[in-house]
Structures are given as structure tokens and as C-alpha cells.
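What follows is a short report on a single structure.
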Amino acid sequence: MASAEENEIIKTLYQHQFGFFMSKIMFTACELGVFDLLLESKELLSSAVIAERLGTSHIGMQRLLEACVVLKLLRMERKDNEGLFGNTDLANLCLAKSSPRTQYNFMKFLSDIVYPGSQYLIDAISTEERLQRFSSAMGDAWSLHGQELLSAFDLSCFQVVCDVGGGNGALAKEYISLYPKATVTIFDLPKVVEGAKKKSVSSEECRISFHGGDFFKDPFPEADLYILARTLHDWDDDTCEQLLTKIYKACKPGGGVMVLETVINEDRTGPLVGHIRSIMMMLLCDGKERTQSEFNALLNAAGFKEIQSKKRNNYGAIWGRK
Ligand SMILES: C[S@@+](CC[C@H](N)C(=O)[O-])C[C@H]1O[C@@H](n2cnc3c(N)ncnc32)[C@H](O)[C@@H]1O
């Protein structure tokens, strides 16, 4: 387990990492007129009604509203298993166009002029390929959380491991340092694997190998344990079920899958980082962040049994057996 001091450090890091996104969430809700609608409405409204009245997609609006709740711009009450949203005092006072101390125009200036300009603060690092940059960017998180998550369950009996969509191998490195007899094969797209191989130089990495392929079409390398880290969040439910079913078929009896993902609270009240990532997934792909019961449903549908999970920081380690 990370110490309380380390957790505090990581919390501060996240606040700074995602700070730009928090502003953008507030700007977007302002510009769409969410706070105006809720100021005028005398009652709490569901995300479906807000989306319909403002002419937006329902899914996008729901994610925006949930993130606004964690940011304390909106409040949410649950009725008949549905979230109903209303303004907080802050939103009533400052965020609607007709608020008594409206900041709408300044917010619009920040959003339209200052925010896009901020991307030129650093002259872009333009030489490295986008794919490789993405791969190493993703891998960074595992030096913070990898060991804590991989030790949430005793995996020492699993020596032959395959990290499906394992990117540049950052998590594999954490696995072999935690379990000294283990070997890990990273299964990822051929282009990602080529780039990762070039960078893989340290001696301990002879216990890490790379296998290029398409996880929807090509057979997986044999393994006792399959890891699926931050890969399900890229895909919609049907595609996740397809991938998990394929992994289930590849598993030996007694083997299993370890899913590592951000987990949204069951009542959808946080964590903020989960809601922010869910909005990012909407921008980048068809994916989303999920609650524990949503993960359980996916793993069950694929055939996995004895599903267990443990939360570490905002991530969950979810373990399913064949
Ligand atoms: C969001 S990244 C997660 C990477 C890594 N597991 C991590 O946690 O840092 C998803 C990974 O899935 C890989 N991927 C996407 N589609 C794939 C496919 N069809 N076959 C194999 N790998 C794929 C990507 O190249 C990428 O490395």
C-alpha cells in the first residue's frame, strides 16, 4: 500500500494533471447553457431532459453533468435509480448568464481565446511518432500505481503472463519486479510492439517479450494469467464482451484475467478523475469508465467466475477465474 504521504502527493499530481480539463468542463457547461436552464427551472432535472432541452447527446450530457457534480458546480439527487440535477449556490451566483454575479462573459473569453492559445506555451515536441508518445504517456502511470495494484491479489502462482494491449511494457516491468520468477509477453499492435522493442534494453527485460498482433483476430500467446490494463475503457460494452470472451477461451482452467481500470463509484458521485477520463474516452474513442457492477457484468457474460475486486487509489484490480 502507498503511504498516506504518497497518496497526498499523487492527489496533488492529479489535480495539476487534470486542471485544464476541469476548467474546460466548467466552460462547456456554461456555453451549453446548463446553468441557465437549471437556474430557470424550479425543479431538478434528469440528464435526458437537460440533453433534450439543450439539443445535445444524452450520453455526452450525462458525463458532463456527473463531472460537474464532483466539481461542485451541480448537485445530484437520486430518485428511482435516476440522477436528478440542480445548480449549486456557486452556479446560481456566478455561472448562468442571468446570475446576479455572472462570470459568463469572462468564462467565454477564457474558453475561446485563452484556452486554445495555451497549447502554444511549449513549442510542440514534434519529432517522436504520435503512437509511441501515446504508448509511453500511458505507461507512466504504472510507476505510480502498478505494484500496488498487482499486489492487491497474490499472483505469485502465475509465472507465465500475457499483458493484452500491454503497450510499451511499463506494467510488465512492475510485474516481473514484484514476481521474480515470472515472464511476461506483451501482446499489442505490431507498430506499438516495434517501437517498444527498440526501447527495451535493460537486462531484466529478457523476462519480457513482445508479440505483435490484433487482439480481436489473432490467437493470444499461451499464459496462466492474462492482464487487461486500461484497455476495456477504450471500447463499448459489446466489444469488451467480445474481447473478454476471447481471453476466457484462451485461459486454462484455474487461470484467469486481471483487469486494471479506473472504477466509478456505484452512485456515480466520483472520483473526479474517473469522470474526467470518461469524458476523454468520449473524445478519443467509443469507450468509457465503468462502475464495479458494470465490470462484473462484462466478466460474467464472458464466462469468468469468482470475480473479486480491490480498489487502490482510483484504480480497481478486478480478478476473474476460469
Ligand atoms: C489505452 S492503451 C493501454 C496500454 C497499457 N495497457 C497501459 O495500461 O498503459 C490500449 C492499448 O491497446 C492496444 N490496442 C488497441 N487495439 C488493439 C488491437 N486490436 N490489438 C492489439 N492491441 C491493441 C493499443 O495499442 C494500446 O497499447
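In each ligand, atom 1 is the first atom listed, and ligand 1 is the first ligand listed. In this chain, numbering begins with 1 at the start of the sequence shown. Quick caveat: nothing in here was measured; it's all calculated off a predicted structure.
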Quiz item: What class does the angle between the rings of Tyr179 and Tyr175 fall in, given that below 30° is parallel, 30 to 60° is tilted and above 60° is perpendicular?
Solution: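 Ring orientation, 0 to 90° scale: tilted.
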
Practice problem: Mind telling me whether Trp235 and Phe216 have parallel, tilted or perpendicular rings, with 30° and 60° as the class edges? | Solution: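 If you compare the ring of Phe216 with that of Trp235, the planes turn out perpendicular.
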
Quiz item: Are any non-hydrogen side-chain atoms of Ser98 and Leu39 less than 4.5 angstrom apart?
Solution: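 A side-chain contact under 4.5 Å exists here.
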
Quiz item: Glu266 and Ser293: which non-hydrogen atoms are nearest, and at how many Å?
Solution: OE1-OG, 2.5 Å

Are any of the N/O atoms on [X], whether in the backbone or the side chain, positioned under 3.5 angstrom from an N/O atom of ligand 1?
X: Asp234; value: no
X: Ala229; value: yes
X: Phe215; value: yes
X: Asp188; value: yes
X: His233; value: no
X: Asp163; value: no

Quiz prompt | Proximity of Leu171 to ligand 1 by residue part, where a heavy atom lies under 4.0 Å | solution =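 The answer is neither; Leu171 stays 4.0 Å or more away.
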
Enumerated ligand 1 atoms positioned under 4.0 Å from heavy atoms of [X]:
X: Gly167; value: 27 (O)
X: Val192; value: 25 (O)
X: Asp214; value: 18 (C), 19 (N), 20 (N)
X: Trp142; value: 7 (C), 8 (O), 9 (O)

Quiz item: Gly213: heavy atom below 4.0 Å from ligand 1, yes or no?
Solution: yes

Quiz item: Does Tyr248 have Lys322 sitting over its ring (NZ/CZ under 6.0 Å from centre, angle to axis within 45°)?
Solution: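 Cation-pi check for Lys322 and Tyr248: passes.
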
Quiz item: Within 45° of the axis and under 6.0 Å from the centre of the six-membered ring of Tyr115, does NZ or CZ of Lys24 qualify?
Solution: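 Yes - Lys24 lies over the ring of Tyr115, closer than 6.0 Å to its centre and within 45° of its axis.
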
Quiz item: Does Arg277 pair with Glu289 as a salt bridge, N-O distance under 4.0 Å?
Solution: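 Result for this pair is no, no salt bridge flagged.
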
Quiz prompt | Heavy-atom nearest neighbour of atom 9 (O) of ligand 1 within options His211, Lys217, Arg230, Glu261 | solution = Arg230

Quiz prompt | Gly287, Gly166, Gly146, Gly165: member with heavy atom nearest to atom 6 (N) of ligand 1 | solution = Gly165

Quiz item: Should Leu232 and Phe304 be regarded as members of a common hydrophobic cluster, given that ILVMFWY residues are connected when their side-chain heavy atoms come within less than 4.5 Å of each other, either directly or indirectly?
Solution: yes

Quiz item: side chain to side chain donor-acceptor pair (under 3.5 Å) between Gln292 and Asn296: does it pass, once the steps are laid out?
Solution: CA-CA 6 Å; Gln292 186 59 55; Asn296 292 352; 2.9 Å; yes

